[in-house]
Amino acid sequence: MDSVLVYGSYGYTGRLVTREAVARGVRPIVAGRDDARVTQQATALGLEGRTFDLAVPDAIEPHLADVDCVLNCAGPFTATATPMVEACLETETDYLDVTGEFAVVERLRRRNRAARDAGVTVLPAVGYEVVPSDCLVTWLTERCPGADELTLGVRGSPLVSPGTARTLLDLCDEGVVRRNGRLVRVPPAFRSREIDFGDGPEYAITAPWPDVVTAAHGTDLETVEAYVAVPDVARPAVGLSGVAAWLAGREPVRRLLERAIDAAVDGPDERQLATDETVIWAEVRDSTTGHRVSGRVRTPNPYALTTESAVTAAERVLAGEVDAGFQTPATAFGADFVTDLTGIERRLEDDWRPPSLEESEKSRALEREGRRAVDASD
């Protein structure tokens, strides 16, 4: 296998990815900005280690000149993706990451032409946040020609790593949907609805899932809303989302939260990695004909999926299977990429029917409740 550099290799996700790569017989270069942690990891695994800081752009390229592929595991990716991608374009090094940040994916999408001209693959979001949903959405659009609208729902695990927790802190004041081909900012949790993830209807609120960008790449989807399920115990906090966002934006409070994350958050343990699961539901619609198709994907723990999908994606990119330019997991590998991963269950829902009057009224009531929550947070 050609050379791959894992940046942020000593973080929670980076450690899992590096361990998986080594188990497959790959000898990745481990890298990051903390020399002591890079050295310790490299020595323990018998790997080459490189230390450089992405905040110093001139220091990046020399470390990538002999590397075929970078797998960036260092979040928040709002800070790390752009400098690494720019260096990759200069050194003709393929780039992958495991971001779940829509703004990062959109930023990299705009580098499509530059990546094609450089002969470089730019493939963000090869982890949980996009692989199963992107593949599911593509699979559904193949069964609904003319689909231009998407509603996506995610019921996930509450267990996160420090890097993910910091990313969530960055995102807590954001809301975004796609409307008629454009990204539109909205308040956090600005809309609610019920979604059946396979065990009956569950309350869900809008969230800035990266599919607002990725779902429109390679499909005709122009309107996208993404939702996350909210456990009953957390529903009272939905109306406080605007207050939480305001507090998180205050610098002293933010520093306290970041220190608390570093001290208290370590990510799922081995048992949780092996037993947790999540469900992603999606429905695509043709707004002209009314035809709609929906389906679900059940996945293992998000970090377990990310570990396998990220290493598999890197192997396939290095094997020359992916074209240059900006790609999403589905455009790079096809809708069935997710089913090649361990523990995936994909199901098509073919029993759709128009909602009853009672169901429609209930949905409208939930939407009104969501609007009141937004009003309360202003």
Side-chain angles (χ1 to χ4, degrees), residues 68-72 77 81 84-85 88-89 92-150 152 154 176 178 181-183 209-224 226 280 282-284 293 295 297 299 305-306 308-341 344 346:
D68 296 294
C69 174
V70 163
L71 177 51
N72 182 12
F77 295 90
M84 184 68 88
V85 166
C88 285
L89 295 179
E92 299 181 357
T93 303
D94 293 325
Y95 173 88
L96 298 86
D97 68 32
V98 293
T99 187
E101 296 153 85
F102 80 89
V104 172
V105 180
E106 172 64 10
R107 192 183 308 159
L108 299 189
R109 183 194 66 80
R110 295 178 181 179
R111 300 298 283 151
N112 181 41
R113 178 174 296 180
R116 287 204 312 265
D117 291 346
V120 170
T121 297
V122 174
L123 175 52
V126 293
Y128 168 77
E129 280 82 355
V130 170
V131 168
S133 55
D134 195 41
C135 291
L136 174 62
V137 168
T138 299
W139 188 62
L140 295 176
T141 58
E142 290 171 354
R143 287 153 179 78
C144 186
D148 56 355
E149 297 179 350
L150 164 68
L152 182 76
V154 180
V176 66
R178 179 174 289 273
R182 299 181 60 186
L183 295 180
W209 210 253
D211 292 78
V212 295
V213 178
T214 57
H217 188 72
T219 74
D220 295 322
L221 295 167
E222 295 189 342
T223 296
V224 179
I280 296 175
E283 180 182 81
V284 297
V293 178
V297 168
T299 84
L305 186 147
T306 293
E308 183 179 3
S309 65
V311 176
T312 301
E315 289 177 330
R316 294 190 181 184
V317 168
L318 288 171
E321 297 182 17
V322 185
D323 292 336
F326 173 82
Q327 302 285 347
T328 72
T331 63
F333 308 118
D336 291 336
F337 174 59
V338 69
T339 62
D340 294 336
L341 305 177
I344 298 296
R346 183 175 66 183

Quiz item: About how many Å separate SG of Cys69 and CD of Glu315, when rounded to the nearest 0.5 Å?
Solution: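 Nearest 0.5 Å value for the CD-SG distance: 10.5 Å.
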Practice problem: Report the distance from atom CG of Leu221 to atom OG1 of Thr141, rounding to the nearest 0.5 Å. | Solution: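 Going from CG on Leu221 over to OG1 on Thr141, the span is 6.0 Å.
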Extract all donor-acceptor atom pairs below 3.5 Å that involve side chains of residues 115-125 and protein atoms in other chains or at least two apart in sequence.
from, atom 1, to, atom 2, distance (Å)
Thr121, OG1, Asp323, O, 3.0

Check for a donor-acceptor pair, side chain of [X] on one end and backbone N or O of [Y] on the other, with a separation under 3.5 Å.
{"X": "Arg178", "Y": "Val212", "value": "yes"}
{"X": "Trp209", "Y": "Leu152", "value": "no"}
{"X": "Thr138", "Y": "Cys135", "value": "no"}
{"X": "Thr331", "Y": "Gln327", "value": "no"}

Pairing residues for [X] by the salt bridge (Lys or Arg N to Asp or Glu O under 4.0 Å) criterion, not counting sequence neighbours:
{"X": "Glu142", "result": "none"}
{"X": "Arg113", "result": "none"}
{"X": "Arg111", "result": "Glu86"}

Self-check item: Of Thr214, Ile280, Val126, the residue whose pairing with Asp134 passes side chain to side chain contact (heavy atoms under 4.5 Å, CB included)
Solution: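 Looking at Thr214, Ile280, Val126, the match for Asp134 under the side chain to side chain contact (heavy atoms under 4.5 Å, CB included) is Thr214.
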Quiz item: What residues form a ring pair (Phe, Tyr, Trp, His ring centres under 6.0 Å) with Phe333, not counting sequence neighbours?
Solution: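 Once residues adjacent in sequence are excluded, the partners of Phe333 under the ring pair (Phe, Tyr, Trp, His ring centres under 6.0 Å) criterion are Phe337.
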Practice problem: Scan residues 327-338 for pairs that pass salt bridge (charged side-chain N to carboxylate O under 4.0 Å, His left out), counting only residues two or more places apart or in two chains. | Solution: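 Found Asp336-Arg346.
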